[in-house]
Amino acid sequence: MFDRYKIQIEEQINPILKGEGLEHISLAWSLIPFSGHWGISTSFFQIAAQEARSGKKINVAQRATELADLVAGKLILGREFERCEAVRGYINIYFEPKSFSQMVVDKVLDEKQLFGSFPSNDETVMVEFSQPNTHKAFHVGHLRNIVLGASVSNILEFNGNTVIRANYLGDIGLHVITWLWNYENFHQGETPPAENAISWIGELYAEAVKRREESEQNEEAIRRYFQAWDNHDPEIVALWEETRQWSLDAFAQLYETLGVHFDRLYFESEVEHVGKAFVEELIEKELAVDERPQGAVIIDLDALLGTKEEYRVLVLLRSDGTSLYATKDIPLAVKKFDEYKLDRSIYVVDVRQSLYLKQIFKVLELLGYEWANRCQHLAYEIVNLPGNVTLASREGTVVLLEDLIREAEKRAMEIVDHKNPELNIEEKQRIASMIALGSIKYSLLSRDNTKIVTFDWETALDVNGQAAPYIQYAAVRANSILRKAGYQIPDELHSPDDLEEKEIILVDLISRFPQEVEKAGRDLKPLVITSYAYDLAKAFNDFYTNCPVLSAKDEVRSFRLRLVAATKQTIINSLGLLGIQIPEIM
RNA sequence: GCCCUCGUAGCGCAAUUGGACAGCGCAUCGGACUUCUAAUCCGGCGGUUGUGAGUUCGAGUCUCACCGGGGGCGCCA
């Protein structure tokens with residue numbers, strides 16, 4: 001956006017530096033880091049340091065200051081610039097606010113919901129996230145994964161990638177069998193209640209595990225049940241299929257509530273069989289070692305690679321021949337790349353699986369897949385309870401997703417009810433839901449992926465301060481002004497000669513949105529967007545209290561209306577990347 | 001034992017990837033609603049960035065060593 005100006009200015013700076021005996025200098029430009037006025041800046045420290053290294057006896061800081069002063073004194077700026085200044089070795093060049101602000105606002109109103117996005121770049125990326133087990137409940141730990149995966153997908157899409165949102169469901173294994181056995185013996189004929197199907201399924205799971213653990217007889221019965229399932233006992237398979245669907249339906253409902261969708265569902269059951277063939281291949285190629293029946297099928301990566309205690313040993317198949325996660329993850333990766341010709345495959349999985357995924361990617365490389373190094377683990381830390389208590393359904397230390405959402409909606413509803421008593425109940429509920437879900441999502445996304453989230457009800461349901469409702473409210477205020485103006489946004493491109501400081505800060509922030517999107521995409525960090533959206537809302541609230549819009553005169557009013565519309569759009573776009581919606585009223 | 005990760009104000013978190021004076025929110029204290037919605041705004045208080053070295057003109061950020069929390073290391077997922 002500013003390249004043209006940079007070149008233009010460098011053409012002036014180079015001769016000045018040449019006069020100082022400095023040639024072939026390249027300057028690194030950046031946006032001036034604090035708001036107030038916008039502009040670009042560069043420093044002379046590197047140049048001074050170079051001089052010092054070449055033998056001259058100079059004080060680097062002093063020399064940088066001297067050079068900055070010199071250049072600032074000699075620069076001749078065009079009318080698109082306001083002024084330039086030298087500050088402690090830096091030179092700051094400020095743009096003329098009028099034309100710049102006009103340019104930014106025009107751009108937003110022109111591009112609308114696409115503002116901040118980048119054109120398609122031909123890169124296809126798959127993001128695998130959520131990965132729930134059927135026949136189990138969802139808790140807040142799972143939510144962090146979903147919310148992160150969904151947001152990263154949105155951000156990558158905005159960056160111009162073609163994104164395939166994939167889910168990988170654990171629909172087989174001991175946990176499923178345990179559930180089925182318990183159901184058939186103790187809950188025959190029951191069906192999940194429509195309202196809270198996941199909780200019901202989860203409760204049965206907890207009960208099933210308890211039964212399995214409390215008697216050896218039960219454990220044996222379950223093992224026999226597993227055998228029967230493995231031998232395709234038609235009754236058990238039918239029950240498996242039916243109950244699995246209950247879970248899938250319930251998940252679909254939850255994803256809808258969360259506003260998350262998937263382009264492709266993978267199932268463990270669809271890759272298990274082919275996975276065993278891959279294990280055979282690995283044994284044949286003498287990469288894997290078959291220690292059965294005494295041991296398992298393993299692949300000693302350190303031995304193969306000559307590393308020491310780095311890749312360790314990966315178990316591919318149990319000694320009894322049944323499959324493990326690794327058995328299935330290998331064919332799954334192949335399937336993904338085959339189906340979609342991926343350029344990149346991202347796994348949103350918690351940090352505890354870092355070594356495991358590193359192993360899987362290495363095995364794929366050893367199998368000769370050239371794309372193996374384009375698999376990427378997006379690791380995030382877990383959600384804990386206070387006192388470093390791990391969330392675990394079997395310990396009872398768990399916060400169920402449905403409970404959390406219900407409670408958050410209840411609290412939001414109280415406020416909505418109080419503030420907007422005239423609305424009908426459906427509308428109130430809709431608004432409360434957006435606020436509740438927004439708060440929950442925001443609180444999970446607004447800390448770095450590498451930081452543990454300690455869940456407590458107080459913080460999770462706090463809607464004050466740096467939280468989604470603050471940002472949503474800013475957009476609602478903007479909307480309120482626009483509504484009172486009859487949604488008539490003037491076309492005039494004139495902006496007033498003198499802009500208020502608050503307006504300048506606001507325009508400045510809006511102009512930074514695209515680069516924040518880029519950064520969030522590069523680092524796979526929604527945190528960048530949560531911070532940005534908050535700063536933007538703050539700047540708008542500041543503008544709101546200081547700059548009247550509707551009562552302002554002609555051109556000021558027009559410009560401010562356009563600015564308000566542009567702000568609303570930018571808030572919508574940024575919260576959209578986080579999967580957070582904005583009500584019209586709140 | 002090896003590896004990963006975190007440590008910033010009483011608490012919860014940021015910091016443009018090595019740049020300007022380390023910012024914000026809770027909490028706390030004090031102000032502002034006959035005004036486009038106060039779920040808002042303004043001000044005060046609060047810091048040796050775990051410790052110690054090193055690299056650099058410049059370090060919260062990079063290197064090394066310690067200290068402390070969490071996690072992972074062959075048949076769990």
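Chain letters run A, B, ... following the sequence lines, proteins first and then strands; every chain starts at 1. Not measured: the values here are computed from a predicted model.
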(message) For nucleotides 1-6 of chain B, give me one character per nucleotide, 5' to 3': B if any protein heavy atom sits under 4.0 Å from the base, S if the only such contacts are to the sugar-phosphate, - if neither.
(response) BB--SS
Can you give the donor-acceptor pairs under 3.5 Å from side chains of residues 458-467 of chain A to other protein atoms, not counting sequence neighbours?
residue : atom : partner : partner atom : Å
A/T459  : OG1  : A/D456  : OD1          : 2.5
A/T459  : OG1  : A/D456  : OD2          : 3.0
A/D462  : OD1  : A/N464  : N            : 3.0
A/D462  : OD1  : A/N464  : ND2          : 3.4

(message) Classify A/V476 by what it touches in the nucleic acid, base, sugar-phosphate, or nothing, heavy-atom distance under 4.0 Å.
(response) base
(message) Base, sugar-phosphate or nothing for A/G170? Non-hydrogen atoms, less than 4.0 Å.
(response) nothing
(request) Name the orientation class of the two ring planes belonging to A/Y534 and A/Y470 (parallel below 30°, tilted from 30 to 60°, perpendicular beyond 60°). (result) tilted
(message) Stacking between A/Y90 and B/rA20, defined as ring centres under 5.5 angstrom apart with planes under 30°, is that present or not?
(response) yes
(message) Using a 3.5 Å distance criterion without hydrogens, assess whether the side chain of A/D230 forms a donor-acceptor pair with backbone atoms of A/T322.
(response) no
Please tabulate the protein-to-nucleotide N/O contacts below 3.5 Å involving nucleotides 25-27 of chain B, giving atom names and distances.
residue : atom : partner : partner atom : Å
B/rG25  : OP1  : A/K538  : NZ           : 3.3
B/rG25  : O2'  : A/Q466  : N            : 3.2

(request) Kindly label the base of B/rC45 as syn or anti, based on whether its glycosidic torsion lies within 90° of 0. (result) anti
(request) Return yes if some donor-acceptor pair links the side-chain N/O of A/R560 with the main-chain N/O of A/P548 below 3.5 Å, else return no. (result) yes
(message) Heavy atoms only, 4.0 Å cut-off, all strands: where does A/Q353 land among base, sugar-phosphate and nothing?
(response) base
(request) Map A/I382 and A/R483 onto RNA chain B by nearest heavy atom, then report which one ends up closer to the 5' terminus. (result) A/R483
(request) Can you tell me which residue pairs pass the salt bridge (Lys or Arg N to Asp or Glu O under 4.0 Å) test with a partner in residues 294-309 of chain A, sequence neighbours excluded? (result) A/E309-A/R312
(request) Using Watson-Crick or G-U wobble pairs with both distances under 3.5 Å, give me RNA chain B in dot-bracket, 5' to 3', with [ ] for crossers and | for pairs to another strand. (result) (((((((..((((.....[...)))).(((((.......))))).....(((((..]....))))))))))))....
(message) For the aromatic rings, using the six-membered ring if either is Trp, is the centroid distance between A/F361 and A/Y347 under 6.0 Å?
(response) yes
(request) Determine which pairs satisfy ring-ring contact (aromatic ring centres under 6.0 Å, His included) with at least one residue from residues 433-456 of chain A, sequence neighbours left out, and list them in order. (result) A/F455-A/W457
